[in-house]
Amino acid sequence: MNFDFRKYHVRAINARDEAEKAAINQELKDLYDSLPEADKKVFNEELQKFLVSQYKAIGDEYQALKSGGAFPSDN
């Protein structure tokens with residue numbers, strides 16, 4: 001199974017307000033609740049990998065800014 005967390009992430013970033021963000025989060029919760037137990041485990045693992053990759057990207061960009069270099073995504 002492969003969950004598209006980036007789609008939800010981008011939508012939340014572009015949300016008009018907190019209510020829209022909350023609705024997007026609720027969609028994710030509803031999706032999770034609808035899954036069989038085995039798929040919930042996969043969902044959690046994939047979500048954790050996605051979040052770690054996002055934190056790493058933010059950290060890399062912070063370090064690039066701090067050192068005066070270009071964003072890693074610019075390379």
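All heavy atoms count here, side chains included; hydrogens, waters and symmetry mates do not.
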- Message: Can you tell whether the side chains of Arg11 and Glu20 come within less than 4.0 Å, N to carboxylate O?
- Response: no
- Query: Between CD1 of Ile58 and CD of Gln63, what distance do you get to the nearest 0.5 Å?
  - Reply: 13.0 Å
- Quick one: are Phe43 and Leu31 in side-chain contact, heavy atoms under 4.5 Å? yes
- Is there a donor-acceptor pair closer than 3.5 Å between any side-chain N or O of Asn44 and the backbone N or O of Lys40? yes
- Note on the structure: dist Leu65:CG -> Asp60:CG (nearest 0.5 Å) comes out at 11.0 Å
- In short, side chain to side chain donor-acceptor pair (under 3.5 Å) pairs touching residues 45-55 with sequence neighbours left out are Lys41-Glu45
- Message: Is it true that, when you exclude Lys56 itself, more than 12 heavy atoms of the residues, nucleotides or ligands shown sit nearer than 6.0 Å to its NZ?
- Response: no
- Query: Between atom CD1 of Ile24 and atom CG of Leu28, what is the distance when rounded to the nearest 0.5 Å?
  - Reply: 9.0 Å
Acceptor/donor pairs from residues 2-10 side chains to any protein atom, 3.5 angstrom cut, sequence neighbours excluded:
unit_1, atom_1, unit_2, atom_2, d
Asp4, OD1, Lys7, N, 3.3

- What pair of heavy atoms forms the shortest contact from Ala15 to Lys21, and how long is it? CB-CG, 3.5 Å
